[in-house]
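Here is the naming used below: chain letters follow the sequence lines, and residue numbers restart at 1 for every chain.
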Protein chains: 2
Amino acid sequence: MPPIKVKMLETEGGKGGAKAAPSKRPRAQTRIQREKQEVILEAALDVFSREGFRGATIDQIAEAAGMSKPNLLYYFPRKEEIYQRLLAEMLDIWLAPLREIDSVGDPVPELRSYLRRKLEMSRDYPRQSRLFANEMLQGAPRVLEMLETDLKALVDDKAKVIEGWMDAGKIVRTDPYHLIFSIWATTQHYADFDVQVRAVLGKDRGGEGRFEDAARFLENLFLHGLLPKQ
Amino acid sequence: MPPIKVKMLETEGGKGGAKAAPSKRPRAQTRIQREKQEVILEAALDVFSREGFRGATIDQIAEAAGMSKPNLLYYFPRKEEIYQRLLAEMLDIWLAPLREIDSVGDPVPELRSYLRRKLEMSRDYPRQSRLFANEMLQGAPRVLEMLETDLKALVDDKAKVIEGWMDAGKIVRTDPYHLIFSIWATTQHYADFDVQVRAVLGKDRGGEGRFEDAARFLENLFLHGLLPKQ
DNA sequence: CAGAAATTTGACCAGTTGGAAAAAACGTTA
DNA sequence: TAACGTTTTTTCCAACTGGTCAAATTTCTG
């Protein structure tokens, strides 16, 4: 599976390399380069996911990363570059659960585990989720193309799988696209609207129980709905 | 129902009035004041809902409103003030559907119409939804307090209503809070992730049909789930 | 139409922003 | 340890930011 591509501005091969080796062969990355880049990306994820691209400043990121602005710019010469690195990384892990949906499987365990994996993502990578949400709110200027091609193709494919389950009478006939949207919406909500969820549930119900409650609820909702059988 | 309060910075009574009448009685608003303020709020909603508070600039808003920056600042002396006006207005209309859920009603029509009203909101006020989403992503710095008091109280109240339906055996026993979250998530998704929905559905399915499809799907999902009865 | 009040404009300002440049400090290895 | 490449810091800049102010213009009211 090729890594998701995000519209890239020219950056000598996109390697984000320090402007070290000026003309010859670009030498392998040093230990410090790898480490610092990691620290920077971590800090940038924090800031970008909260403030969005425009709202975030290099200074904020540099401070969060514990280094000076010019020092940060030594590793990533442009703000855009950091953002796009994060976006691309993110899209890759974010779509993994959808890719795993299997056509040969039975719908019940298959949907159940998709729900659960998406919910785990929201729990374990909430900043990535918010980064993506921020990009969506801005109209997806940097990923629109890939949404219309790669993502659409992937969803079309999985929609077919779901339709297969309907044809086999294993699940009720309904719109597979809106089903996928609903799963995305309900699971990502716990990352993107985390503050609201916490505020409404109150101090006490904020911990690990929250995750299990949500998982159980969503499983029941998607499989059985609210009305009692018969 | 008192209007939602948002943390306000001091602005001579919060009336957002032009700095006209300096000391005496503050004179009624002129026609021009009403009109221009409306234009400004419209433009600001556009920009803030896309870029978030920090990402938006007064210049952008002024240009979208077709006036100069100092002219805009004549009507709203601070950027914060515009943003908070929009937030407060928004929270009020946004929560109206939830307030309307009635304890005496039957769950089926009651939930159905709540779903539909929330979905209509996403269709008719998508920018307001994105404004709110942006505020959430930033950690709700301006509304956290009201989420923890007003909103929590309202949701607690409606959760009780839903629990009443469960006690009466009219709907399956489940977590009312997560049920409410799910309705918020699924309906608001169509406003907040509009670009993605459009991209995945393709050019053809972008129109008015989309809304009806979503409404029908969600109704079925929430009432019956995916598994065939029996 | 005169005068007052309301509105708009242009010039300006201090602080912030993304980024460039060069020099200084550091680390590695022959 | 000298020489070289790497990393960090200092200094700087032009554009942009939110906001002020006084003067010029327009609108309203008697």
Is the phosphate of C:dT8 approached by B:Ser68 (side-chain N or O, under 4.0 Å from OP1 or OP2)?
no
Indicate, with a heavy-atom threshold strictly under 4.0 Å, whether B:Ala56 touches base, sugar-phosphate, or nothing.
sugar-phosphate
Ignoring hydrogens, what is the shortest heavy-atom contact between A:Glu148 and B:Ala199? Give both atom names and the distance.
CG-CB, 3.7 Å
Just to be sure I understand the rule, does A:Lys69 reach a base, reach only the sugar-phosphate, or reach nothing, if contact means heavy atoms closer than 4.0 Å?
base
Using a 3.5 Å distance criterion without hydrogens, assess whether the side chain of A:Ser122 forms a donor-acceptor pair with backbone atoms of A:Thr187.
yes
Examine C:dT7: is either OP1 or OP2 under 4.0 Å from a nitrogen or oxygen in the side chain of B:Gln33? Give yes or no.
yes
Whole angstroms only, please: what is the CE-P distance between B:Met67 and D:dT26?
17 Å
Round to the nearest Å and state the distance from B:Asp59 atom CG to D:dA15 atom C1'.
12 Å
Exceeds 12 heavy-atom contacts within 6.0 angstrom, atom CD of B:Glu63
no
Return the nearest nucleotide to the side chain of B:Thr57; candidates are D:dT17, D:dT20, C:dG19.
D:dT17
note: B:Glu51, atom CD; D:dG18, atom C1'; distance rounded to Å ~ 17 Å
Below 4.0 angstrom from OP1 or OP2 of D:dG19, is there any side-chain N or O of B:Arg78?
yes
Whole angstrom is fine here: how far is it from CD1 in B:Ile61 over to C1' in D:dG19?
14 Å
Is any side-chain nitrogen or oxygen of B:Tyr74 closer than 4.0 Å to OP1 or OP2 of D:dC21?
no
Whether B:Arg54 contacts D:dG18 is assessed here as follows: a side-chain N or O lying under 4.0 Å from the phosphate OP1 or OP2. Is that the case?
no
What is the separation between atom CZ on B:Phe76 and atom P on D:dT20, rounded to the nearest whole Å?
15 Å
Here the distance between atom C1' of D:dT7 and atom CG of A:Leu73, to the nearest Å, is 14 Å
Taking CZ in B:Phe211 as the centre, count heavy atoms belonging to other residues, nucleotides or ligands within less than 6.0 Å. Is the count above 12?
yes
Whole angstrom value for the distance that separates C1' of D:dT6 from CG of A:Asn71:
11 Å
What integer distance in Å separates A:Lys36:NZ from C:dC26:P?
13 Å
Taking atom CD of A:Glu89 as the centre, report whether more than 12 heavy atoms of other residues, nucleotides or ligands fall under 6.0 Å from it.
yes
